[in-house]
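A short write-up of the structure that comes next.
Sequential numbering from 1 along the given sequence is applied to the chain's residues. Everything quoted here is computed from the prediction, not taken from an experiment.
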Amino acid sequence: MANKYSINLLQAELIPQTPLLSLNRVLMFFLALLLLMFMVIGLGQYKLSTSQNFNRQLLLGKNQQQLLQTNLSLQLSQRKADPQLVEQLQTLKLLIANKQVLHENLTDNSKTYVAGFAKTMTELAQIHQNDISLQNIVISHDDISFSGLARTPDAVPLWMANFKQASLLSGKYFSHFKLFENKQHVTEFVVSSNAPSESLGSQQ
């Protein structure tokens, strides 16, 4: 068997090393960098163009709105109110104001004619006294008048003292009070929040 022997006389330090910055590598690096710059510039130009288009659209919309506002302002300044319609509007406002006042008066429960004659009679029955006999009752808006007979003169003030128990009579101011004795020696009285009328409306 033949043995073959070889000797490698080429040492590692004798092998030529490839330089790190070769011409090919430098060229490839610059080409890649140039391509990247073109891509960044192209993307920036695209975004700039998109922003400019959007800005132009906004400016166009703004100009259209300003033109519309100008036209509407001109039309409004040239429009004159019809005198007949203005008069009808004033009349309508006056009617509404009058109806509001009437509604407030008709819905004010503190007024006797709103609460109703029946409620007044009910409260009078609740404060009734045996010494008092009512003959006439007049209720006209806020004016109230009572007339009748009393067994004794003192019975009338005592009866009127009970008015504070009646919601419709409480707080009423009765400015006229007349107490006298008739031919039959019976005490008669007239109590009124206004001047007593000759004819009394409602009889009990």
If I compare all heavy atoms of [X] with all of [Y], which pair ends up nearest, and what's the gap?
{"X": "S147", "Y": "V190", "answer": "CB-CG2, 4.0 Å"}
{"X": "F146", "Y": "L134", "answer": "CB-CD2, 4.0 Å"}
{"X": "I127", "Y": "W159", "answer": "O-CD1, 3.6 Å"}
{"X": "R151", "Y": "N130", "answer": "NE-O, 3.9 Å"}
{"X": "V156", "Y": "A150", "answer": "CG2-CB, 3.7 Å"}
{"X": "Q129", "Y": "L158", "answer": "NE2-O, 3.6 Å"}

Partners meeting side-chain contact (heavy atoms from CB on, under 4.5 Å) with [X] (sequence neighbours left out):
{"X": "Q84", "value": "D82, Q88"}
{"X": "F54", "value": "Q57, L58"}
{"X": "D154", "value": "T152"}
{"X": "L48", "value": "Q45, Q52"}

If you count the non-hydrogen atoms of other residues, nucleotides and ligands that lie under 6.0 Å from CD in Q66, is the total more than 12?
yes
Is the CZ atom of F29 crowded by more than 12 outside heavy atoms at less than 6.0 Å?
no
Could you check if a side-chain atom of L89 sits within less than 4.5 angstrom of a side-chain atom of L85, using non-hydrogen atoms only?
no
I'd like to check F30 versus L34 (side-chain heavy atoms, cut-off strictly below 4.5 Å). Are they in contact?
no
Please walk me through it: do L59 and N63 pass side chain to side chain contact (heavy atoms under 4.5 Å, CB included)?
CA-CA 6 Å; L59 184 60; N63 293 335; 3.9 Å; yes
Output all residues satisfying side chain to side chain donor-acceptor pair (under 3.5 Å) with E181, sequence neighbours left out; order by chain, then residue number.
H185
Could you tell me which residues satisfy side chain to side chain donor-acceptor pair (under 3.5 Å) with N182, sequence neighbours excluded, listed by chain and number?
E188
Taking atom [atom1] of [X] and atom [atom2] of [Y], what is their separation to the nearest 0.5 Å?
{"X": "L36", "Y": "L31", "atom1": "CG", "atom2": "CG", "value": "12.5 Å"}
{"X": "Q64", "Y": "L60", "atom1": "CD", "atom2": "CG", "value": "4.5 Å"}
{"X": "L27", "Y": "R25", "atom1": "CG", "atom2": "CZ", "value": "12.5 Å"}
{"X": "T91", "Y": "I96", "atom1": "OG1", "atom2": "CD1", "value": "11.0 Å"}

Would you say I132 ends up clustered with F174 if hydrophobic residues are merged whenever their side chains have heavy atoms under 4.5 Å apart, either directly or through other cluster members?
yes
Checking S193 side chain against I144 main chain: does a donor-acceptor pair fall under 3.5 Å?
yes
Between I137 and L124, does a side chain to side chain contact (heavy atoms under 4.5 Å, CB included) hold up when you go through it step by step?
CA-CA 10 Å; I137 300 173; L124 286 175; 3.8 Å; yes
